[in-house]
Student: 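Here you go, one structure.
All chains are named by letter (A, B, ...) in the order of the sequence lines, taking the proteins before the strands, and each is independently numbered beginning at 1. Quick caveat: nothing in here was measured; it's all calculated off a predicted structure.
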Amino acid sequence: MTAPATQPRVVRRYPGSLLLAEIKESFFMAMGALAAHKLRSALTLLGVLVGVFSIIVVMTAMRVLQRNIENDLSRLGSQTFQIRKWPAVYFGGPEGFEKFWRRKNITLAQGRAVMDKATLALNVGLESNFWSGEVSSRYDKSPPNVGLIGATPGGFPARNWIIGEGRGLNDTDVDSAKDVCILGYRLATLLFPLGSALGERVKIDGINYTVIGVLEEKGAALGGDQDNFAVIPLTTGLNRYGAIWRSLSILVQARDQAAYDDTVEQVRGILRAIRKVQPGAEDDFEVFSNDSLIEQFKNFTFTVRIGVAVISSIALVAAGIGIMNIMLVSVTERTREIGIRRAIGAKKRNIMTQFIMEAIVLCEVGGAIGVALGIAGGNLTAYFFEVPPVIPLDWVMIGLLICSVVGIVFGTYPAFKAANLDPIDSLRYE
Amino acid sequence: MSLIHLEKVTRRYQMGGETIHALREVSFTIARGEYVAIMGPSGSGKSTLMNIIGCLDTATSGTYVLNDVNVSEMDDNQLAEVRNKEIGFVFQTFNLLPRANAFHNVELPLIYAGISAEERRRVTVEALTSVGLADRMTHKPNEMSGGQRQRVAVARALVNHPSILLADEPTGNLDTKTGEEIMGVFEELSRQGNTIILVTHEEDIARHARRIVRIRDGLIASDEARR
């Protein structure tokens with residue numbers, strides 16, 4: 001049998017191991033309690049799950065969208081900005097929309113003035129999208145989604161278009177509005193599968209154009225349509241598709257990063273002068289670059305983020321109250337257990353730790369499921385936009401941290417109640 | 001050398017404006033290695049006495065010295081520590097954690113004592129082996145018989161090598177045969193030098209002890225040594 005009580009104690013104590021053992025013990029007890037009441041626990045978890053899910057799903061989707069926009073924008077060359085009548089992204093009511101609508105169009109004459117006067121710019125190009133549809137050659141025809149872009153020579157470097165074969169547009173093509181075109185790489189290989197497209201004729205919107213050049217392939221095209229367009233002289237397009245109601249975009253490439261801001265200011269000044277904007281009045285055109293677009297996107301998503309934060313915190317508070325409720329029930333049900341633990345030497349602090357730990361485990365299980373579902377749900381947008389999936393690690397951490405906080409905040413009162421039960425009464429509790 | 005020394009211990013309760021005297025200036029001493037039965041009808045104050053000896057309750061007045069330490073002035077945390085290290089409880093209703101297996105039930109006091117995992121494992125296995133349950137370690141209480149449950153409880157009480165083994169009606173929920181078996185375990189523990197205090201109202205059970213203290217109306221009615 002056991003050693004007599006008079007024998008000297010051989011047990012060694014490790015203060016650090018108490019907390020560790022306690023947490024481990026509490027964790028397993030909590031998992032046991034969870035497993036013992038599956039339905040009840042599942043219903044309680046649901047609140048936390050929804051709260052965390054809503055955070056993670058939106059944050060993941062936002063990140064996917066941002067990446068998608070960044071991918072799209074990389075088409076613009078470096079140190080390039082664009083000027084248009086319309087903003088690139090607009091999130092507002094109809095009254096703001098009207099303001100843009102009332103603006104004067106950016107005309108060819110204005111564009112030419114900028115080209116003449118912008119001394120700081122390396123390249124200035126004018127551009128307009130005219131049409132999109134089916135393009136055919138004598139060999140084949142394309143799907144009906146080919147864009148027809150009118151441009152000037154300066155637009156090529158600004159757009160990062162590099163001539164792979166033949167030549168680009170020159171001033172003569174533009175001045176005399178020739179029926180020539182330059183094809184995107186994929187379009188060229190589709191229409192002329194057997195050999196060079198140069199000198200061949202393609203039919204775009206019923207009119208024949210002579211192919212004078214083919215662009216180099218653009219990197220790995222995620223959307224697949226970065227090469228799916230044809231470029232014609234801007235003037236040709238304006239003649240065919242009308243110039244009156246059309247507002248052009250101006251592409252300006254600065255000489256280098258250092259001159260970028262000055263270039264933007266110079267071009268703004270030129271445009272304000274020729275469009276007769278009163279001193280002190282707002283610009284009646286939009287200037288944007290890759291950076292400013294990303295900035296705008298971030299500003300927009302900030303609003304969404306705030307909304308999500310509010311909604312999910314309401315969900316989490318409701319979930320927390322559910323957790324508190326179930327913990328109170330659990331404390332009552334386990335009064336006897338608490339009495340036993342106190343009798344064999346648990347301090348109030350130990351009982352507190354155990355019940356808070358249980359609340360945290362309950363929250364974390366819900367939170368972990370919410371995180372998993374949120375990442376999956378958010379990445380549906382990645383699937384939709386055909387960009388690689390994203391795991392927002394920072395938000396996963398924040399989400400799980402919030403779960404712990406909810407557990408601690410709403411678990412403390414039940415745990416306090418448990419710790420302060422009278423050991424004698426709780427031992428007799430039936 | 002006395003292990004337990006009570007000096008004029010009084011315990012009063014307030015119940016609905018009425019004062020109940022559960023214990024009135026009780027004084028007695030128990031030496032190390034004694035096997036004492038505390039007897040008395042219900043309402044006599046024997047449960048209160050047991051709770052005080054077991055450090056679950058504190059006296060309203062008087063002093064209680066356990067193992068040369070004055071327990072009567074301790075706070076809640078200190079009392080918990082004394083319960084953990086000095087006292088092993090065995091209850092009538094076994095009071096095992098229903099969802100934990102035998103091993104875990106016995107290990108629990110060691111966790112609160114802050115003992116390392118390897119040592120806990122060694123000591124727990126030792127305690128369960130000593131009550132003959134080495135092969136039942138992974139069984140939960142509801143997978144064991146009453147006798148086996150009570151032996152798990154005894155193992156749990158002994159695992160921290162306490163100064164006192166405090167048994168409250170340990171055979172109350174067992175049939176006569178199993179009850180005798182458990183009393184045999186106590187007998188053996190007593191022979192090894194453990195101090196045992198048995199709280200009961202059954203003469204047959206009390207007869208196993210070598211000293212019987214009878215309580216009536218909060219006072220010691222008789223205190224006699226047997227054999």
Side-chain angles (χ1 to χ4, degrees), chain A residues 1-26 28-37 333-354 419-430, chain B residues 3 32-33 47-48 51 54-57 76-85 87-89 91 93 95-100 104-105 107-117 119-120 123 126-127 130-131 155-165 185 188-189 191-195:
Chain A
M1 288 251 166
T2 45
T6 44
Q7 177 197 312
R9 297 210 178 84
V10 288
V11 287
R12 276 169 285 142
R13 300 190 201 302
Y14 303 88
S17 81
L18 174 59
L19 190 68
L20 197 77
E22 218 184 306
I23 288 173
K24 217 171 116 191
E25 143 92 8
S26 304
F28 286 116
M29 286 311 284
M31 291 312 270
L34 222 83
H37 302 282
E333 280 180 354
R334 287 155 65 192
T335 302
R336 186 91 178 228
E337 177 192 324
I338 295 163
I340 298 169
R341 284 172 186 271
R342 295 276 278 138
I344 61 172
K347 295 175 181 152
K348 286 184 178 178
R349 194 175 46 74
N350 301 131
I351 303 290
M352 278 286 273
T353 312
Q354 184 193 340
N420 283 292
L421 286 173
D422 182 53
I424 301 168
D425 291 344
S426 34
L427 270 173
R428 297 227 179 86
Y429 185 86
E430 290 298 332
Chain B
L3 178 65
R32 195 176 288 281
S47 292
T48 307
N51 288 338
C55 295
L56 285 165
D57 200 357
D76 201 85
N77 275 343
Q78 289 168 315
L79 285 176
E81 210 158 304
V82 170
R83 285 199 295 272
N84 185 243
K85 283 163 198 152
I87 294 154
F89 285 100
F91 299 96
T93 49
N95 277 349
L96 299 173
L97 298 189
R99 276 201 301 271
H104 189 81
N105 265 297
E107 186 193 20
L108 205 54
L110 300 169
I111 291 177
Y112 291 125
I115 288 163
S116 72
E119 187 135 359
R120 283 208 305 269
V123 177
E126 197 181 282
S130 76
V131 293
R156 180 180 66 186
L158 289 171
V159 77
N160 254 357
H161 300 289
S163 305
I164 318 165
L165 197 60
V185 172
E188 175 67 24
L189 288 170
R191 205 141 27 77
Q192 286 171 5
N194 289 290
T195 313

Student: For R342(A), is it the side chain, the backbone, both or neither that has a heavy atom under 4.5 Å from a heavy atom of chain B?
Tutor: both
Student: Of the non-hydrogen atoms in S47(B) and R428(A), which two are nearest, and what is the gap between them?
Tutor: CB-NH2, 4.0 Å
Student: Heavy-atom distance under 4.5 Å to chain A: side chain of D76(B), backbone, both or neither?
Tutor: side chain
Student: Please identify each residue that fulfils side-chain contact (heavy atoms from CB on, under 4.5 Å) with A157(B), with sequence neighbours left out.
Tutor: V90(B), L165(B)
Student: Run the salt bridge (Lys or Arg N to Asp or Glu O under 4.0 Å) test against E107(B) and tell me which residues pass, sequence neighbours left out.
Tutor: R120(B)
Student: So do the side chains of L56(B) and L427(A) get within less than 4.5 Å of each other, counting heavy atoms only?
Tutor: yes
Student: Using non-hydrogen atoms and a 4.5 Å limit, figure out which bit of A35(A) sits close to chain B: side chain, backbone, both or neither.
Tutor: neither
Student: Roughly how far, to the nearest 0.5 Å, is the CG atom of N350(A) from the CG atom of L108(B)?
Tutor: 9.5 Å
Student: Considering only heavy atoms, which portion of N95(B) lies under 4.5 Å from any heavy atom of chain A: side chain, backbone, both, or neither?
Tutor: both
Student: What part of A346(A) lies closer than 4.5 angstrom to a heavy atom of chain B: side chain, backbone, both or neither?
Tutor: both
Student: Is R156(B) in contact with chain A via its backbone, its side chain, both, or neither, using a 4.5 Å heavy-atom distance?
Tutor: side chain
Student: Give the member of N51(B), L96(B), T93(B), I87(B) that has the highest number of heavy-atom pairs under 4.5 Å with chain A.
Tutor: N51(B)
Student: For the residue pair A343(A) and F91(B), what are the closest heavy atoms and their distance?
Tutor: CB-CZ, 4.1 Å
Student: For the residue pair L97(B) and R341(A), establish whether any side-chain heavy-atom pair is separated by less than 4.5 Å.
Tutor: yes
Student: Starting at CD1 of I344(A), measure out to CG of N105(B) and round the result to the nearest 0.5 Å.
Tutor: 8.0 Å
Student: Just to verify, which of L79(B), N77(B), N84(B) counts as forming a side-chain contact (heavy atoms from CB on, under 4.5 Å) with K347(A)?
Tutor: N77(B)
